[in-house]
Number of protein chains: 2
Amino acid sequence: MVFFDNVALGPSPELGFATASLERDAWRRDDQDWLKQAIGSHEARFIAICKDTPVLGFAGGVLQPVFTLGAAKDLGSLGEPLFLGLENARPLFAVDVAAGHFDELKLRDDLKLIDMRSMAMQGLFTPGLLNAIGTAKAMLTWHARHGFCSNCGTASVVASAGWKRRCEACKSEHFPRTDPVVIMLAIRGDECLMGRAPQFPEGRYSCLAGFMEPGETIEDAVRREILEETGVRTGRVRYLEAQPWPFPGSLMIGCLAEALSTEITIDANELADARWFTREEVRQVLQGQHPKDITAPPRMAIANHIMQVFVDRAG
Amino acid sequence: MVFFDNVALGPSPELGFATASLERDAWRRDDQDWLKQAIGSHEARFIAICKDTPVLGFAGGVLQPVFTLGAAKDLGSLGEPLFLGLENARPLFAVDVAAGHFDELKLRDDLKLIDMRSMAMQGLFTPGLLNAIGTAKAMLTWHARHGFCSNCGTASVVASAGWKRRCEACKSEHFPRTDPVVIMLAIRGDECLMGRAPQFPEGRYSCLAGFMEPGETIEDAVRREILEETGVRTGRVRYLEAQPWPFPGSLMIGCLAEALSTEITIDANELADARWFTREEVRQVLQGQHPKDITAPPRMAIANHIMQVFVDRAG
């Protein structure tokens with residue numbers, strides 16, 4: 001069917017957090033009886049996160065990303081379990097471990113605390129488990145920053161197994177937030193535009209990116225961000241693929257944009273530098289062979305995949 | 001360039017709220033001196049919204065979507081002006097008129113209060129002005145529901161000319177929220193899957209749609225929503241175009257999905273019905289000529305455009 005020619009079924013398994021194996025089974029979120037039974041069953045597994053950092057079991061040199069209920073309770077004081085879905089037919093939950101336990105957990109021989117980016121970079125778990133851990137992190141961070149009703153200021157409560165918060169005072173319902181972000185290369189013939197943010201490692205260049213704003217299409221947001229950050233005007237925009245990015249809860253929307261101008265005026269608040277790279281240079285950057293040691297973001301980041309599309313699919 | 005073949009430069013002007021003419025000039029949002037001067041200048045214009053409804057000037061049979069500062073103050077008690085950008089080189093702001101004025105404004109001969117959907121349906125203003133009014137509505141509704149810090153419950157204050165709220169107590173910053181929503185047709189050869197929600201007008205069928213969740217790609221959200229609502233499994237997903245949708249603040253992401261199964265089991269909480277339509281039937285629906293009087297959503301809605309793509313670009 002012509003609609004789906006050249007459309008991939010799913011993202012590359014290397015794209016961090018993007019390949020799901022979880023069955024979310026949303027209809028179970030309000031089934032209190034089923035949830036109670038599931039949490040207490042010996043099949044249930046728990047992703048535990050403390051101060052935004054996944055807590056992993058460690059035994060016989062093997063990392064274990066999930067806990068039984070008993071082992072999770074042994075970590076310390078837990079928040080309310082959030083139901084993520086079924087993973088391999090087992091109910092999978094996310095729990096927050098109270099921040100006060102962080103230092104004692106770090107000292108335990110049977111645990112490792114590994115930050116999410118390192119976990120994704122190192123490919124420690126299957127893509128599906130990494131997606132579930134990222135989902136757990138995004139959900140728990142949202143709950144941690146949304147304990148109060150934004151409408152009236154009253155403390156709100158968890159509802160629908162974590163997929164809502166409800167304010168008993170003003171009856172508002174609040175849902176986990178996902179912030180769309182555009183991330184893109186502007187392309188002009190055989191060259192593309194990349195920038196470096198002040199906080200990047202030395203030599204690192206990447207795609208431009210920025211949060212979408214109310215009232216924008218994806219394509220308008222792409223054009224605005226490129227214009228704001230570099231002064232380059234762009235026209236047509238092509239969507240490539242998307243990546244959930246749990247830092248803290250973004251949806252990265254990967255695109256290419258057709259450059260209509262070439263002169264660069266950087267926004268010094270956003271970028272330390274921006275410049276045009278030839279396709280051959282980008283190839284060298286991706287292969288770690290650039291003569292000036294310019295490096296790319298890691299394979300787990302969508303920026304790397306957008307650069308690869310530019311290199312592979314010559315225009 | 002092959003990357004941009006078959007990519008449109010912008011959406012159809014009929015697609016409501018999607019065609020921007022506003023220059024957002026984000027760098028002015030923190031320039032207090034410029035903002036103060038701009039608000040007071042005779043060039044400044046104000047979009048006024050009361051109880052989620054745009055207030056329009058009405059004189060000599062002509063509707064006027066913006067007010068001068070003096071005319072805006074004459075509407076009643078105003079919230080802090082939010083800077084939208086430059087429209088035709090003039091600074092454009094959004095202001096909330098206190099809800100208590102609603103009934104008196106409705107009685108005034110020199111005003112009309114017209115709800116946003118009607119405004120978009122009737123094409124009362126240029127696409128660019130409609131986009132600015134939609135942006136104003138999305139921003140003002142967000143502020144109205146976010147007067148308190150979700151992190152600590154303290155009343156927060158407007159910052160950056162409306163593009164942030166800041167909590168002076170816990171120092172959190174909060175940004176206007178945009179909720180990504182997937183909206184799509186599942187396609188199987190010459191047929192597509194449409195549904196009707198219980199609240200639809202009689203005879204109306206449309207694309208399926210639903211909010212994206214943390215941890216999802218666009219493509220996964222498309223597949224999950226179709227599966228949840230109809231039981232139909234889908235494979236490859238193709239992005240078409242997007243629409244900002246200020247009810248209250250969504251980004252509609254329009255897609256087609258390749259159906260892998262045909263049997264329908266509707267989720268009765270979401271849908272009153274769902275069924276397969278042939279391409280010829282969809283053409284009749286769009287033309288208002290379906291023998292059973294089945295109707296499509298209006299041209300201002302992205303669902304109509306997705307249906308049109310299915311009809312026009314035979315697979």
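- Ranking A:P180, A:A18, A:C149, A:G147 against chain B, the residue ahead of the rest is A:P180, based on heavy-atom pairs under 4.5 Å.
- Of the possible donor and acceptor atoms, none in the side chain of A:D179 sits under 3.5 Å from a partner among the backbone N and O of B:T178.
- Proximity to chain B is absent for every atom of A:A132, based on heavy atoms less than 4.5 angstrom apart.
- Of the listed residues (B:A242, B:S156, B:C152, B:P11), the one with the most heavy-atom contacts under 4.5 Å to chain A is B:C152.
- When heavy atoms are compared at a cutoff of 4.5 Å, A:E228 approaches chain B solely by way of its side chain, counted from C-beta outward.
- At least one donor-acceptor pair closer than 3.5 Å links the side chain of A:N131 to the backbone N or O of B:G215.
- Taking CZ from A:F3 and CD from B:E258, the interatomic distance works out to 11.5 Å, rounded to the nearest 0.5 Å.
- For chain B, the option among A:G10, A:G235, A:P214 with the highest count of heavy-atom pairs below 4.5 Å is A:P214.
- With values rounded to the nearest 0.5 angstrom, B:L15 atom CG is found 9.0 Å from A:T217 atom OG1.
- Looking at B:R24, the atoms closer than 4.5 Å to chain A (heavy atoms on both sides) all sit in the side chain, from C-beta outward.
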Test side-chain contact (heavy atoms from CB on, under 4.5 Å) on B:F148 and A:T154 and set out the steps. CA-CA 9 Å; B:F148 295 84; A:T154 306; over 6 Å; no
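- When heavy atoms are compared at a cutoff of 4.5 Å, B:L251 approaches chain A solely by way of its side chain, counted from C-beta outward.
- A distance of 8.5 Å separates NE2 of A:H146 from CG of B:N151, quoted to the nearest 0.5 Å.
- Of the two parts of A:A257, only the backbone, made up of N, CA, C and O, holds a non-hydrogen atom closer than 4.5 Å to a non-hydrogen atom of chain B.
- B:W163 touches chain A through its side chain: at least one heavy atom from C-beta onward sits under 4.5 Å away, while N, CA, C and O do not.
- Few gaps surround CZ on A:R28; more than 12 heavy atoms of other groups in view lie less than 6.0 Å from it.
- A donor-acceptor pair shorter than 3.5 Å can be found between the side chains of B:S172 and A:R145.
- Distance CD1/B:I253 to CD1/A:I218: 4.5 Å, rounded to 0.5 Å.
- Only the side chain of B:E219 comes within contact range of chain A, with at least one heavy atom under 4.5 Å from a heavy atom of that chain.
- In this structure, A:F175 places its CZ atom where more than 12 heavy-atom neighbours from other residues, nucleotides or ligands lie under 6.0 Å away.
- Contacts between B:A136 and chain A at a heavy-atom distance below 4.5 Å are absent for every atom of the residue.
- With a threshold of 4.5 angstrom between heavy atoms, A:P246 does not approach chain B through any atom at all.
- Panel note: side chain A:R238, backbone B:F4; no donor-acceptor pair is recorded below 3.5 Å.
- Most heavy-atom pairs under 4.5 Å with chain B: of the set A:R223, A:H174, A:E213, this distinction falls to A:E213.
- For A:R224, the part lying near chain B is the side chain, with the backbone staying farther off; criterion is any non-hydrogen pair under 4.5 Å.
- With chain B as partner, the option from A:L240, A:L9, A:L84 having the largest number of non-hydrogen pairs under 4.5 angstrom is A:L9.
- Within the 4.5 angstrom heavy-atom criterion, no atom of A:A155 approaches chain B.
- Heavy-atom pairs under 4.5 Å with chain A peak, among B:K137, B:E23, B:R177, B:M212, at B:R177.
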